[in-house]
K.L.:
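Below you will find the structure I want to go over with you.
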Amino acid sequence: MPEMLEVESYRRLALRCLQRTIAEVDAPDPWYLKDGLSAAAVVDVLRGRRFDAARRTGKLLMLDIRDGPVLGLHFGMTGRLVVDGDVGAVDGLLYGPSRIAAAWVRLTVRFDDGGAMAMVDARRLGGITLDPDETALGPDAAVVTRKQLTTILDRSRAPLKAVLMDQRRLAGLGNLLTDEALWRAGLHPGRPANDLDAAEITKLHKAIRATLRICGQRGGSHTGDLVPHRQPGGVCPRTGVPLERLTIGGRTTWFSPARQHPSPRRGASVEPL
DNA sequence: CCGGATGTTCACCT
DNA sequence: GAGGTGAACATCCG
């Protein structure tokens with residue numbers, strides 16, 4: 001499933017759709033349309049029009065319809081975007097590119113040039129909206145400033161990982177990217193968010209950016225150094241110590257007890273006499 | 001057969 | 001009010 005890196009690659013794919021006239025629209029799954037949206041309404045706002053821009057905040061892809069509302073696409077865990085038969089630069093997702101069942105196609109937009117854009121989602125965990133509430137999302141993790149991150153963390157004593165994955169506070173990070181960033185920062189996922197000191201926040205901010213840059217270059221959220229070790233018997237790729245598993249924010253969490261300590265004080269003995 | 005999986009939302013507790 | 005848990009969605013994989 002798409003975390004923000006995958007959605008960003010879908011956005012780039014969607015750029016191929018801009019300025020092409022939409023001839024036909026099919027939204028066969030009413031359940032997939034959110035906020036009481038009807039298939040007829042989707043057809044109505046798209047047919048005969050064209051997309052002016054493809055934007056993204058976090059995991060939300062937004063296509064601006066000229067003289068119309070914004071088409072919002074949420075991909076959930078198994079959603080994918082297909083344009084002109086090309087699934088784009090995302091590899092290694094749960095459902096490989098060769099396995100697309102016709103029944104999983106939740107939206108088809110055919111252009112008058114014979115091409116098409118399709119949203120495919122086996123598990124139906126994603127959804128389609130019109131004029132999605134962009135203000136419901138926090139700043140995108142790729143552009144969040146250190147100052148913004150500080151404010152986000154200071155406002156909650158919930159576990160650090162839960163705060164980082166809360167899309168209303170910070171948009172874009174999912175389970176894999178969050179574990180990877182915390183591992184890179186050397187921070188325990190269960191630390192109270194507002195417990196971090198200035199140096200730790202700086203470290204986290206840098207780790208988030210490094211994670212997005214590196215995994216983005218490698219091709220997606222599943223390309224992190226920690227990912228292949230997120231399983232029973234997995235070891236920290238940096239120290240060789242066995243990884244530990246927790247459930248935080250309802251999600252399976254893997255971390256290295258050697259590098260990610262549950263208390264702020266780590267390593268050096270700082271106890272006075 | 002069972003449990004878990006890159007996500008979100010909701011009901012229901014504490 | 002803030003957080004946590006479990007369920008739901010539907011399918012595949014180990």
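In this text the structure is predicted, and so the values were computed from the model without any measurement. Residue numbers begin at 1 in each chain, while the letters A, B, ... track the order of the sequences.
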K.L.:
State whether A:Trp104 and A:Arg80 meet the cation-pi test: NZ (Lys) or CZ (Arg) under 6.0 Å from the six-membered ring centroid, and within 45° of the perpendicular axis.
P.N.:
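Relative to the ring axis of A:Trp104, which defines the angle, A:Arg80 lies outside at least one limit.
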K.L.:
Can you give me the dot-bracket string for DNA chain B, 5' to 3', counting Watson-Crick and G-U wobble pairs with both distances under 3.5 Å, using [ ] for crossing pairs and | for partners on another strand?
P.N.:
.||||.||||||||
K.L.:
Check every atom of C:dT11, C:dG3, B:dT8 against the side chain of A:Gln167 and return the nucleotide holding the closest atom.
P.N.:
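Nearest nucleotide to the side chain: B:dT8.
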K.L.:
Rounding to an integer number of angstrom, what distance separates B:dG3 and C:dG6 when you compare their C1' atoms?
P.N.:
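15 Å, rounded to whole Å.
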K.L.:
Within 45° of the six-membered ring axis of A:Phe111 and under 6.0 Å from that ring's centre, is NZ or CZ of A:Arg20 located there?
P.N.:
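Yes, A:Arg20 sits over the ring of A:Phe111.
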K.L.:
So with a 6.0 Å cut-off around CZ of A:Arg55, is the heavy-atom count from everything else above 12?
P.N.:
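More than 12 within 6.0 Å, yes.
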K.L.:
Among C:dT11, C:dA10, C:dG4, which nucleotide sits nearest the side chain of A:Arg124?
P.N.:
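Taking heavy atoms from C-beta onward, the closest nucleotide is C:dA10.
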K.L.:
Is there a donor in the side chain of A:Arg245 and an acceptor in the side chain of A:Thr253, or the other way round, less than 3.5 Å apart?
P.N.:
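Note: A:Arg245 and A:Thr253 side chains miss the donor-acceptor criterion.
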K.L.:
With sugar-phosphate meaning primed atoms plus P, OP1 and OP2, does A:Thr252 contact a base, only sugar-phosphate, or nothing at under 4.0 Å between heavy atoms?
P.N.:
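Answer is sugar-phosphate: A:Thr252 comes under 4.0 Å of backbone atoms only.
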K.L.:
For C:dG3 and A:Ser156 - does any side-chain N or O of the residue sit under 4.0 Å from the phosphate oxygens OP1/OP2?
P.N.:
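For A:Ser156, the contact criterion (side-chain N or O under 4.0 Å from OP1 or OP2 of C:dG3) is met.
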K.L.:
Distance check: side-chain N/O of A:Lys59 vs OP1/OP2 of B:dT8, anything under 4.0 Å?
P.N.:
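The answer is yes; a side-chain N or O of A:Lys59 sits under 4.0 Å from OP1 or OP2.
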K.L.:
Remember a base hit wins even if backbone is also touched, and classify A:Arg106 as base, sugar-phosphate or nothing at under 4.0 Å, heavy atoms.
P.N.:
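A:Arg106: no heavy atom of the nucleic acid under 4.0 Å.
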K.L.:
Across the strands shown, which category fits A:Arg230 at heavy-atom distances under 4.0 angstrom: base, sugar-phosphate, nothing?
P.N.:
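The answer is sugar-phosphate, as A:Arg230 gets under 4.0 Å only of primed atoms, P, OP1 or OP2.
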